[in-house]
Amino acid sequence: MTTGADLRAARDTGGLSLARMAQRTHFTKSYLSMVETGKRPLPADVIAAYEQVLGVPLANAPGDPVRLAHEWLVAESPLAVQTRSGRRVGDSLAATLETRVVELRHLDDVVSSHDLLPAVSKELDEARSLVRSSTYSDRTRKRLYTAVGELAQLAGWVASDTGRFADAQRFYLAGVGAANEARDRALGAQLLSSLSYQIATIGDPRDAALIARTAAMGAHAATPAVRALLLERVAWASAKARDAEATWRALDEVDDAFEERGVDEPEWVYWLNRCEIDVMAGRCMIELGRPGEAEPLLSAAIESYPSEHAREVALYLSWLAESHARAGDLDAARYALARAQSYAVSMPSARVDQRLQVVQQLL
């Protein structure tokens, strides 16, 4: 089995510093350090990113992520076995569940939501059954409910990406209940802000802005990266509601919070980096009628984004195409749209389809 030490050895052999590897892979330096030292689980997409950057295979690296997702769906998990046994749950099973949550979350980077949703839903159902039917200590109880809340957030995100918005909302709200049981206000805020993101896109953006602000205020003691994520959702909902002042204020607060981030961030915020923040700023600029300012932010972010994250690349190219179209450069818009369509083919997404339709209508 590939270990974090294997990654570090390969990186050292390749002559790359940890900081440079973080830049090339778009994972944070602190996260990669914890993976290499065994303090965090080693997900498949980190192995794949190291292989791509270093140009060498790593022993026993996982194969096709779609196959992994389907294997996950049909295999019986330790949670199902534990639920049938009715035994007292201890820290070891809680750790197993936490590891599975992280692995599923990172599969979302490279597996289509259509393929991943059944696996996430299955794991969530089994985790819910576990907490209902087993006994455990107070400490284990907190860990189990935290894992259920994180699974619910992932299920909501994936369901939303397939266009199942009502299901996504149910997942998010159920996750808030689990986060409350775990007394994890940051996780509860993440669930609510994820719901606000969906509402901003398909519902009343004023409602979305209210929910996003509530989430951010309710988690004022969260870590810096979490605050940055929650404030991004405030900025997006505010931009959709055409509240320019609130948008710029939130984006400034995002930058301030992100600069303060440290090593004690929750794993579920691993994906938030400077590229993601620049993309969100660019999207807000387009919504507020400033496409020319959005273009350089989007172009730079897309240029450095991992190509295997096809869904995100397609989404961000769609925004770049829109920035060109609204600035009057239709040739550049058509080129960016064609690139987005080429990425979209490999990773189907309702969100991507909707974005491509928006740009096609502009052209």
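The basis for the numbers below is simple: all heavy atoms, side chains too, and nothing from hydrogens, waters or symmetry mates.
- Distance check: L251 CG to R249 CZ gives 11.0 Å after rounding to the nearest 0.5 Å.
- By the rule that hydrophobic residues join a cluster once side-chain heavy atoms approach within less than 4.5 Å of another member, I286 and V254 end up as members of one cluster.
- Between A200 and A208, the shortest heavy-atom distance links the atoms N-CB, 3.4 Å.
- Rounding to the nearest 0.5 Å gives a distance of 7.0 Å between CD of Q23 and OG of S17.
- Between V359 and S318, the shortest heavy-atom contact is CG2-O, 3.4 Å.
- With respect to E181 and K142, no salt bridge is recorded, no charged nitrogen being found less than 4.0 Å from a carboxylate O.
- Between M347 and Y343 the shortest side-chain heavy-atom distance does not fall below 4.5 Å.
- Neither F258 nor L297 shares a network with the other; the hydrophobic side chains, linked directly or stepwise wherever heavy atoms of I, L, V, M, F, W or Y lie under 4.5 Å apart, form separate groups for each.
- Under a hydrophobic clustering in which Ile, Leu, Val, Met, Phe, Trp and Tyr are joined whenever their side-chain heavy atoms come within less than 4.5 Å, directly or via other members, V234 and L229 fall into different clusters.
- In terms of heavy-atom proximity, S196 sits nearest to R233 at OG-CB, 4.0 Å.
- The closest side-chain heavy-atom distance from I211 to S193 is not below 4.5 Å.
- For S129 (side chain) and D125 (main-chain N/O), no donor-acceptor pair under 3.5 Å exists by modelled atom type.
- Here W157 and W271 keep their ring centres 6.0 angstrom or further from each other.
- Salt bridge status for E287 with R283: absent, with no side-chain N to carboxylate O gap under 4.0 Å.
- Separating the CZ atom in R213 from the CG atom in L230 is a distance of 14.0 Å, to the nearest 0.5 Å.
- One finds the CG atom of L298 at 13.0 Å from the CD atom of E303 (value rounded to the nearest 0.5 Å).
- With hydrogens and angles disregarded, no donor-acceptor distance shorter than 3.5 Å links the side chain of S33 to the backbone of K29.
- For the pair I277/N273, no side-chain contact is recorded, criterion being any heavy-atom separation below 4.5 Å from C-beta on.
- To the nearest 0.5 angstrom, R105 atom CZ is 4.5 Å from E267 atom CD.
- In plain terms, the two heavy atoms of L144 and Y136 that are nearest each other are CD1-CD2, 3.6 Å.
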Mind running side-chain contact (heavy atoms from CB on, under 4.5 Å) on W319 and M285 for me, showing each step along the way?
CA-CA 11 Å; W319 284 103; M285 290 172 183; over 6 Å; no

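- A donor-acceptor pair under 3.5 Å is formed between the side chain of T162 and the backbone N or O of A159.
- Using cut-offs of 30° and 60° for the angle between ring planes, the Y270 and Y31 rings count as tilted.
- There is a side-chain donor-acceptor pair under 3.5 Å between E36 and Y50.
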Is there a side-chain contact (heavy atoms from CB on, under 4.5 Å) between F171 and L124 once you walk through the steps?
CA-CA 10 Å; F171 284 133; L124 177 58; 3.7 Å; yes

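- Residues L18 and R8 are not in side-chain contact: their nearest non-hydrogen atoms beyond the backbone lie 4.5 Å or more apart.
- Side-chain contact of T99 with T96: a donor-acceptor pair under 3.5 Å is absent, judged by distance alone.
- Inter-residue side-chain proximity for S112 and D115 is flagged as met; some heavy-atom pair is nearer than 4.5 Å.
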May I have the step-by-step check of side-chain contact (heavy atoms from CB on, under 4.5 Å) for L154 and W268, ending in yes or no?
CA-CA 9 Å; L154 178 59; W268 46 258; over 6 Å; no

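- Between D161 and R311 there is a salt bridge, since at least one side-chain N of the basic residue sits less than 4.0 Å from a carboxylate O of the acidic one.
- Looking at every heavy atom in both residues, E260 comes nearest to P224 through O-CG, 3.3 Å.
- Proximity of L330 to R334: side-chain heavy atoms (C-beta onward) are separated by under 4.5 Å at one or more points.
- Looking at R274 and D255, a side-chain N of the basic residue comes within less than 4.0 Å of a carboxylate O on the acidic one, giving a salt bridge.
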